[in-house]
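Note sheet for the following structure.
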Amino acid sequence: MLHPRARTMLLLALPALIIGIASSLILIVVMKVASTLQTLLWTSLPLQLGVRFDSPAWIILMLTLTGVVVGLVIRFSPGHAGPDPALEPLIGAPVAPSALPGLIIALIVGLAGGVSLGPEHPIMAVNIALAVYIGSRLLPRVGMLDWTVLASAGTIGALFGTPVAAALIFSQTLSGNQDVPLWDRLFAPLMAAAAGALTTSLFFHPHFSLPIPHYGQMQIADIFSGAIVVAIAIALGMVAVWCLPRLHRLVHKLKHPVLILGVGGFLLGILGAIGGPITLFKGLDEMQQMAFSQIFSVSDYLLFAIVKLAAVVVAAACGFRGGRIFPAVFIGVALGLMLHEHVDAVPAAITVSCSILGLVLVVTRDAWLSLFMAAAVVPDTTLLPLLCIVMLPAWLLLAGKPMLMAWRNDK
């Protein structure tokens with residue numbers, strides 16, 4: 001009864017479901033363990049020792065020790081806990097399975113210790129490696145690229161709690177073959193993304209949206225305001241693009257990973273002491289605190305954005321295992337709130353969403369993901385036409401510019 005095209009799509013349906021569920025479960029376990037360890041390090045332990053968790057001394061001590069521990073894990077684990085994330089895109093080649101335990105431990109320690117990176121890159125690497133390793137043995141006729149796409153889609157669905165982001169991303173990456181309709185090629189990845197998103201929703205709901213006042217009807221002046229905000233965000237992000245490869249080359253002259261990451265942890269501790277606990281960790285919970293609080297001023301928001309950006313550059317350059325998308329969203333929120341406080345005639349919905357769009361675009365160079373993150377944090381449908389319009393000058397500004405990555409010949 002089914003057309004041969006439909007039967008072809010169904011061949012990967014069950015593997016896609018399994019990979020999507022497994023991708024989500026791996027993410028959930030890692031995040032739960034990291035959250036438990038974070039509570040121990042930043043709540044229980046300071047309370048027992050009679051010190052304040054937000055004191056500069058405790059922040060510097062914890063980040064320095066975190067760097068040393070992550071350095072030891074990378075130094076002594078097989079495969080050095082996977083590739084250096086500063087040299088890799090979000091979706092990269094599969095790593096050796098022997099490197100996965102060290103990669104997971106390094107990620108958990110970094111997340112719990114307060115490093116300003118998110119879980120997306122290591123989790124993606126783990127899920128791709130497992131899918132390729134297991135899938136190629138169970139179904140050897142399925143290519144490595146197919147397993148990579150399914151694992152990537154499942155992970156993206158799990159990370160964001162929805163298959164929409166995966167649909168947007170893979171609609172451009174899978175659009176090359178004109179012989180097979182796009183939605184035929186999207187069928188299995190969307191199955192994996194949906195399975196990952198639904199599995200995540202059974203345990204917790206990723207909460208990105210902020211209490212930003214509703215945006216009314218779009219005005220011509222708002223387009224110019226949004227374009228200026230995006231340009232400011234891109235300019236700030238390009239400072240990080242310039243700094244990251246140079247700092248990466250500088251710190252790797254130290255050679256030994258324990259020394260590199262120990263120094264990096266100390267620098268992160270100093271930055272955390274300057275910016276406060278709100279500038280630590282991956283940034284999603286912290287951006288909620290920042291948005292709900294009414295006590296911060298223009299200078300506070302600017303400080304948070306600059307400190308967080310510097311922390312992302314330091315953490316990535318020193319080789320901490322983590323991703324840069326979630327911290328970029330925090331920086332975008334801080335910058336957007338600062339710009340709104342500075343010029344309150346421009347609605348916060350515009351300044352926050354356009355700042356996120358610009359910064360995520362610098363980090364990922366993916367227009368669809370940037371639009372998705374902006375719309376997820378400020379979920380206002382009246383903003384979508386404006387965001388699509390201001391994306392055009394933003395894309396022109398970034399055309400041909402380097403990405404937020406280190407140079408591969410640094411080492």
Side-chain angles (χ1 to χ4, degrees), residues 34-35 37-38 40-42 45-46 51-75 81 84-86 105-122 236-237 239-240 243-254 256-287 289-290 302-331 334 363 404 406:
S35 177
L37 182 58
Q38 178 181 328
L40 174 65
L41 296 177
W42 292 92
L45 192 55
V51 299
R52 292 175 56 90
F53 79 94
D54 57 353
S55 66
W58 185 258
I59 292 173
I60 293 172
L61 175 64
M62 287 308 306
L63 267 299
T64 303
L65 290 177
T66 297
V68 171
V69 172
V70 173
L72 289 170
V73 172
I74 292 174
R75 170 64 181 83
D84 184 350
I105 294 171
L107 170 62
I108 290 173
V109 173
L111 290 174
V115 176
S116 292
L117 293 174
E120 59 272 20
H121 184 276
L236 184 63
V239 173
C243 292
L244 175 57
R246 291 162 176 83
L247 183 60
H248 186 272
R249 180 174 56 192
L250 178 64
V251 298
H252 280 78
K253 290 181 179 179
L254 298 174
H256 200 285
V258 178
L259 185 57
I260 294 171
L261 285 147
V263 171
F266 177 71
L267 294 176
L268 290 175
I270 293 175
L271 289 169
I274 294 171
I278 200 168
T279 60
L280 303 178
F281 307 103
K282 63 181 180 292
L284 291 188
D285 294 335
E286 290 71 28
M287 78 179 188
Q289 300 171 21
M290 184 169 55
L302 180 60
L303 177 67
F304 297 156
I306 292 175
V307 167
K308 191 72 171 181
L309 187 69
V312 171
V313 171
V314 171
C318 293
F320 283 95
R321 284 359 186 200
R324 300 180 285 277
I325 297 175
F326 288 175
V329 174
F330 174 95
I331 298 166
V363 171
L404 186 61

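Only heavy atoms go into these numbers, but all of them, side chains included; no hydrogens, no water, no symmetry mates.
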Ser116 side chain vs Gly283 backbone, donor-acceptor pair below 3.5 Å | no

Rounded to the nearest 0.5 Å, how far does CG of Leu261 lie from CG of Leu254?
-> 10.5 Å

Which atom pair, heavy atoms only, marks the closest approach of Gly275 to Phe304?
-> O-CE2, 3.5 Å

Minimum-distance pair of heavy atoms, taken over all atoms of Asp54 and Pro277 = CB-CG, 3.4 Å

Drop me the distance from Leu268's CG to Thr66's OG1, to the nearest 0.5 angstrom.
-> 9.0 Å

How many angstroms lie between CD1 in Ile60 and CG in Leu65, if you round to the nearest 0.5 Å?
-> 12.0 Å

Which atom pair, heavy atoms only, marks the closest approach of Met290 to Ile278?
-> CB-CD1, 3.8 Å

From OG1 (Thr279) to CZ (Phe330), nearest 0.5 Å | 6.5 Å

Gly113 and Phe281: which non-hydrogen atoms are nearest, and at how many Å?
-> C-CE2, 4.4 Å

Under the 3.5 angstrom rule, does the side chain of Lys308 hit a backbone N or O of Leu280 as a donor-acceptor pair?
-> yes

Can you find a heavy atom in the side chain of Val263 that is under 4.5 Å from one in the side chain of Val251?
-> no

Begin from the C-alpha positions of Leu37 and Ile108 and carry the test side chain to side chain contact (heavy atoms under 4.5 Å, CB included) through to its verdict.
-> CA-CA 8 Å; Leu37 182 58; Ile108 290 173; 4.2 Å; yes

Side-chain donor/acceptor pairs under 3.5 Å, residues 315-329, sequence neighbours excluded:
unit_1: Arg321; atom_1: NE; unit_2: Ala81; atom_2: O; d: 3.2
unit_1: Arg321; atom_1: NH1; unit_2: Gly319; atom_2: O; d: 2.6
unit_1: Arg321; atom_1: NH2; unit_2: His80; atom_2: O; d: 3.0
unit_1: Arg321; atom_1: NH2; unit_2: Gly82; atom_2: O; d: 3.0
unit_1: Arg324; atom_1: NE; unit_2: Leu404; atom_2: O; d: 3.4
unit_1: Arg324; atom_1: NH1; unit_2: Pro85; atom_2: O; d: 3.3
unit_1: Arg324; atom_1: NH2; unit_2: Leu404; atom_2: O; d: 3.2

Going through the checks in order, is the side chain to side chain contact (heavy atoms under 4.5 Å, CB included) test met by Ile331 and Leu236?
-> CA-CA 10 Å; Ile331 298 166; Leu236 184 63; 4.2 Å; yes

CD1/Ile260 to CG/Leu250 distance, rounded to the nearest 0.5 angstrom?
-> 10.0 Å

Between CD1 on residue Ile270 and CD1 on residue Ile59, distance to nearest 0.5 Å = 12.0 Å

Polar side-chain atom of Trp58 near backbone of Trp42 as donor-acceptor pair, under 3.5 Å = no

Just by distance, do the side chain of His248 and the backbone of Leu244 share a donor-acceptor pair under 3.5 Å?
-> no

Can you name the nearest heavy-atom pair linking Leu107 to Gly118, along with the distance?
-> CD1-O, 4.3 Å

